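Because the structure is predicted, anything quoted here is derived from the model rather than measured.
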Amino acid sequence: MEVEVIESGILLPTYLSFKRVQISEKYPKGQARSRHWKHLKQILQAENYTNCPPNQPNYVNIESPPSTYPSKKYCDITGYEAPYTDPRTSLRYADADVFKRVRGLPGDCVQKYLKLRNAEVILR
């Protein structure tokens, strides 16, 4: 520092807000620059699950009660969400183009699609 500044007794701040912070000052040695994510195994070791009640779901006890929401239905042809069902073949479809294809399918193909979904109908 200048001799005049020292003699006058003016205290200057060590950090000036208008100056850029150097990386070495921002992250001293030993500190990580990014967030450290824990793996599931590390979480399990850190938590004490022996004190939890057995009926409460947690990371160790994956079993939980069935969902209260209705299950989603998917198109048998495309795999998209299917809001419609063909009353004649009971195949699910997503849009009008798929409906045209469903109506054009022969009976054995319809049975194969239903068999994939475990909803086959055996006609005698």
Exercise. Which distance, rounded to the nearest 0.5 Å, do you find between the CG of D108 and the NZ of K115?
Worked result: 12.0 Å
Seminar exercise, completed: Distance col, row Y113:OH vs C75:SG, nearest 0.5 angstrom, shows 9.0 Å
Exercise. Side chain to side chain contact (heavy atoms under 4.5 Å, CB included) between L105 and I77: does it pass, once the steps are laid out?
Worked result: CA-CA 11 Å; L105 288 174; I77 309 298; 4.2 Å; yes
For this session: Please say whether more than 12 non-hydrogen atoms of neighbouring residues, nucleotides or ligands are located less than 6.0 Å from CZ in R101.
Result: no
Exercise. For K73, what residues pass the side chain to side chain contact (heavy atoms under 4.5 Å, CB included) criterion, not counting sequence neighbours?
Worked result: S71, R92
Problem set entry | For the student: nearest non-hydrogen atoms of T89 and L114, plus distance | O-CD1, 3.6 Å
Problem set entry | Where A94 and P83 come nearest, the two heavy atoms and their spacing | O-CD, 4.1 Å
Seminar exercise, completed: Rounding to 0.5 Å, atoms CG (D76) and CG (L116) come to a distance of 8.0 Å
Problem set entry | ring pair (Phe, Tyr, Trp, His ring centres under 6.0 Å) contacts in which one or both residues fall within residues 74-94, not counting sequence neighbours | Y84-Y93, Y93-F99
